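Model, not experiment: these values are computed from the prediction. These values consider heavy atoms only, across backbone and side chains, with no hydrogens, waters or symmetry-generated copies.
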Amino acid sequence: MVPFLRILGIETSCDETAAAIVERDAEGHSRILSDVVLSQLDEHSAYGGVVPEIAARAHVEALDELIEAALKRANVSLADVDAIAATSGPGLIGGLLVGLMTGKAIAKAAGKPLYAVNHLEGHALTARLTDGLSFPYLMLLVSGGHTQLILVRGVGDYDRWGTTIDDALGEAFDKTAKLLGLPYPGGPAVERMAREGNAGRFDFPRPLVGEARLDFSFSGLKTAVRQAAQEIAPLSDQDVADICASFQRAISRTLKDRIGRGLQRFKAEFSPTAEKPALVVAGGVAANLELRATLQGLCDKNGFRFIAPPLSLCTDNAVMIAWAGLERMAIGIAPDPLDVQPRSRWPLDANAERLIGFGKRGAKA
């Protein structure tokens, strides 16, 4: 039987500094003892995006205090922790170095095993923490850096069924917001404006809709938005709202087609069981309510459970990193050596077909 386990998680892959303490009992039940996240939004908003050097310095300044706060809130000491889990990639290399080096130092000083966690695996396994989900299931990861449809077979066992061939969905939201003069981060700003807009005013393209492949593309949609805005400039507030609403509808319809085909493939490849198949959505864009509603309706139509973890666990957080470490410990995966290196690119499915974005350092993710 798997023993009771408690772990410290550290997350510094982008612009949130986070630490958390999570427990897992012998039956696999979990408990979040603390979850501390410090956003760097104010530091980056003036630049319209994340500045890697600023992010890394902010992690250095905040991480030690956040770890102390996580231990204090959990009412535990390092002696009560069984292991350290730190994000090792993918992400901004400066931030990854801060978190992983801190995790190594704590592991060495406290005599604890270290687990260098793939940030994407943290997202992939969160639904098992929140909903007790069994393998296999589908995950749609939609964030500023990734748009992927992934079959989650088990811990460390992933098949990438679809990925973006250009911009990630979160990137498309951010760049559209910047084009329209909306504040950073762009996703929430576009969603707010879209509520006041006419989604039928602009007929924006829905890239790859109708194709059998399960990949995504948002570059052409982003270009169409820019052209529409230039044609009617200067833009009124209503123009901006209409563009946002039409842009969001195009994305919603695109996801409906892409994910719908993924659900059909899942049903064709896996025999029916007593438990409903599931689609999990993760990443910052998962906070968008219209996209959630689209995916919920799609799952209802196809007989799938739709699982969207709490918003605090969809965006970058240390709880998911701690949980991924616990999952690895529970099945006997050995800890990582203290000379493990961070990886700015680290795909969950290293065997997936190479698409645009694959360079000398490997696939983006």
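Formation of a donor-acceptor pair under 3.5 Å by the N317 side chain with backbone atoms of T315 is found in this model. Here the side chain of T130 pairs no donor or acceptor atom with the backbone of P309 at under 3.5 angstrom. In this structure, K104 contributes its side chain and V340 its backbone to a donor-acceptor pair below 3.5 Å. No donor-acceptor distance shorter than 3.5 angstrom exists from the side chain of D336 to the backbone of Y115, with no hydrogens or angles considered.
Within a 6.0 Å radius of NZ in K108, other residues, nucleotides and ligands contribute 12 heavy atoms or fewer. Counting non-hydrogen atoms of other residues, nucleotides and ligands closer than 6.0 Å to CD of E211 gives a total above 12. Counting heavy-atom neighbours within 6.0 Å of Q264 CD, excluding the residue itself, gives a total above 12.
Nearest heavy atoms, A212 versus R261: CA-NH1, 4.2 Å. Across all their heavy atoms, D215 and W161 have their closest contact at OD1-O, 4.4 Å. Residue V209 comes nearest to R253 through the heavy atom pair CG2-O, 4.4 Å, listed as atom of the first residue, atom of the second, then distance. Nearest approach of A62 to L38, heavy atoms of both residues: CB-CD2, 3.5 Å.
A salt bridge links R201 with D242; the closest basic N to acidic carboxylate O contact falls under 4.0 Å.
With a 4.5 Å cut-off on side-chain heavy atoms, N288 and Q248 count as touching.
Under the 3.5 Å distance criterion, with hydrogens and angles disregarded, a donor-acceptor pair is assigned to the side chains of S13 and E11. No donor-acceptor contact under 3.5 angstrom links the side chains of T17 and T12, judged on distance only.
Between F247 and F173, the distance from one ring center to the other falls under 6.0 angstrom.
For H123, the ring-ring contact (aromatic ring centres under 6.0 Å, His included) test picks out H119, with sequence neighbours left out. Checked against ring-ring contact (aromatic ring centres under 6.0 Å, His included), F4 has no partners two or more places apart in sequence or in another chain.
Ring geometry, F266 versus F304: the interplanar angle exceeds 60°, so the pair is classed perpendicular (tilted spans 30 to 60°).
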